[in-house]
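Remarks on the structure that follows.
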Amino acid sequence: MVRSLDGPSAPGDGLAPVCIDDVPGLRVEEVGDGDRLAELVRTYRTSMGIALPLEAELVRLESRREDHTDIVRLAAVLDGRVVGTTVVIAAHGVAGIFLVHVAERHRRRGIGAALTAAALRCGRLRSMRTAALVASPAGEPLYRRLGFTTSCEYRLFTFPA
């Protein structure tokens, strides 16, 4: 799905300040290295179904990423714990939004919207013109409310065991 980052911000468009007051105590913060990075990886690893033994290696890889100069990791923090994640990679005028995950027990409370809106602001601050992401069926309604439209569709197939 895609949406423009050009033009003025308006309430609810994902570019204007997000009202995270709907989730008391929620903060969306940028993540570097250290303990917060490990929490970020743990949150998206769990959501993606990646096995626990791979977590330490994922943290190591994330801390040494050199594949792009403008990677921004964002964490939704509630009660001092990371409960949601997203990563923005800005390149060629596009803010790619990846790993939008909210811990299962914290879903449907506005955390995904706050993360996505923060990712959109991040792209705009880096002078990107377009935002793009891949939406799951669960996330698609949220992204539509934030102004995203479908640009293409694809199917994932699995082979029988």
Side-chain angles (χ1 to χ4, degrees), residues 1-20 22-23 26-33 36-37 39-50 54 58-59 61-77 82-104 106-158:
M1 299 183 82
V2 297
R3 66 155 290 160
S4 174
L5 295 178
D6 291 335
S9 300
D13 76 352
L15 298 175
V18 177
C19 180
I20 58 175
D22 294 339
V23 185
L26 180 68
R27 292 186 330 273
V28 177
E29 60 186 46
E30 194 169 328
V31 174
D33 289 333
R36 194 61 93 196
L37 178 62
E39 280 189 87
L40 181 118
V41 168
R42 183 172 307 116
T43 300
Y44 79 66
R45 176 199 61 78
T46 302
S47 293
M48 293 179 65
I50 298 171
L54 298 175
L58 278 173
V59 172
L61 291 170
E62 283 283 355
S63 70
R64 295 184 177 160
R65 282 187 81 154
E66 295 179 9
D67 57 340
H68 197 279
T69 58
D70 203 359
I71 296 174
V72 179
R73 296 176 198 95
L74 298 171
V77 179
V82 174
V83 297
T85 68
T86 192
V87 175
V88 181
I89 301 176
H92 308 290
V94 177
I97 302 173
F98 302 91
L99 298 172
V100 180
H101 292 287
V102 175
E104 191 168 340
H106 295 283
R107 292 181 184 163
R108 308 205 52 82
R109 296 172 54 191
I111 296 170
L115 281 164
T116 305
L120 292 170
R121 278 193 311 280
C122 186
R124 180 176 255 191
L125 289 171
R126 284 160 180 73
S127 300
M128 300 296 103
R129 298 187 61 200
T130 304
L133 53 75
V134 175
S136 68
E140 186 176 349
L142 164 65
Y143 302 132
R144 288 198 185 285
R145 283 194 306 276
L146 292 175
F148 284 86
T149 59
T150 300
S151 61
C152 64
E153 293 183 13
Y154 66 93
R155 294 182 188 177
L156 296 175
F157 295 97
T158 59

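Everything numeric here is computed off the predicted structure, so don't read it as measured data. When a residue number appears, it is its place in the shown sequence, counting from 1.
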Counting only heavy atoms not in R129 (residues, nucleotides, ligands), do more than 12 fall under 6.0 Å from its CZ? no
As an exercise, state the distance from [atom1] of [X] to [atom2] of [Y], rounded to the nearest 0.5 Å.
X	Y	atom1	atom2	answer
L26	R109	CG	CZ	8.5 Å
H101	T86	NE2	OG1	8.5 Å
T116	L74	OG1	CG	10.0 Å
L5	L125	CG	CG	10.0 Å
L120	M128	CG	CE	13.0 Å
M1	T149	CE	OG1	6.5 Å

Would a 4.5 Å heavy-atom cut-off, applied to side chains only, mark Y143 and V100 as touching? yes
Could you check whether any side-chain heavy atom of I89 comes within less than 4.5 Å of a side-chain heavy atom of D70, counting everything from C-beta outward?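 Sidechains of D70 and I89: no contact.
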From CA spacing to verdict: side-chain contact (heavy atoms from CB on, under 4.5 Å), R144, T150: CA-CA 9 Å; R144 288 198 185 285; T150 300; 2.6 Å; yes
Testing the basics here: between [X] and [Y], what is the closest heavy-atom pair and its distance to 0.1 Å?
X	Y	result
D6	S4	N-OG, 3.0 Å
A103	T43	N-CG2, 4.4 Å
R73	S63	NH2-N, 4.4 Å
V94	A132	CG1-CB, 4.0 Å
V28	A118	CG1-CB, 3.7 Å
A131	F148	O-CE2, 3.9 Å

Among V83, V102, T85, find the residue that satisfies the side-chain contact (heavy atoms from CB on, under 4.5 Å) test when tested with L115. V102
Check the pair V87, Y44 against side-chain contact (heavy atoms from CB on, under 4.5 Å), reporting the backbone distance first and the verdict last. CA-CA 10 Å; V87 175; Y44 79 66; 5.5 Å; no
Please determine if E39 and R36 form a salt bridge, counting it only when a charged side-chain N lies under 4.0 Å from a carboxylate O.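 Yes, E39 and R36 are salt-bridged.
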Apply side-chain contact (heavy atoms from CB on, under 4.5 Å) to the pair V72 and R126, showing each step before the final yes or no. CA-CA 11 Å; V72 179; R126 284 160 180 73; 3.3 Å; yes
List the steps, then state whether side-chain contact (heavy atoms from CB on, under 4.5 Å) holds for E104 with T46. CA-CA 9 Å; E104 191 168 340; T46 302; over 6 Å; no
Output yes when a side-chain donor or acceptor of R3 lies under 3.5 Å from a complementary backbone atom of L146, and no otherwise.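 Yes, R3 side chain to L146 backbone: donor-acceptor pair under 3.5 Å.
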Is it the case that the side chain of R27 and the backbone of V77 share a donor-acceptor pair, with hydrogens and angles ignored and the cut-off at 3.5 Å? no
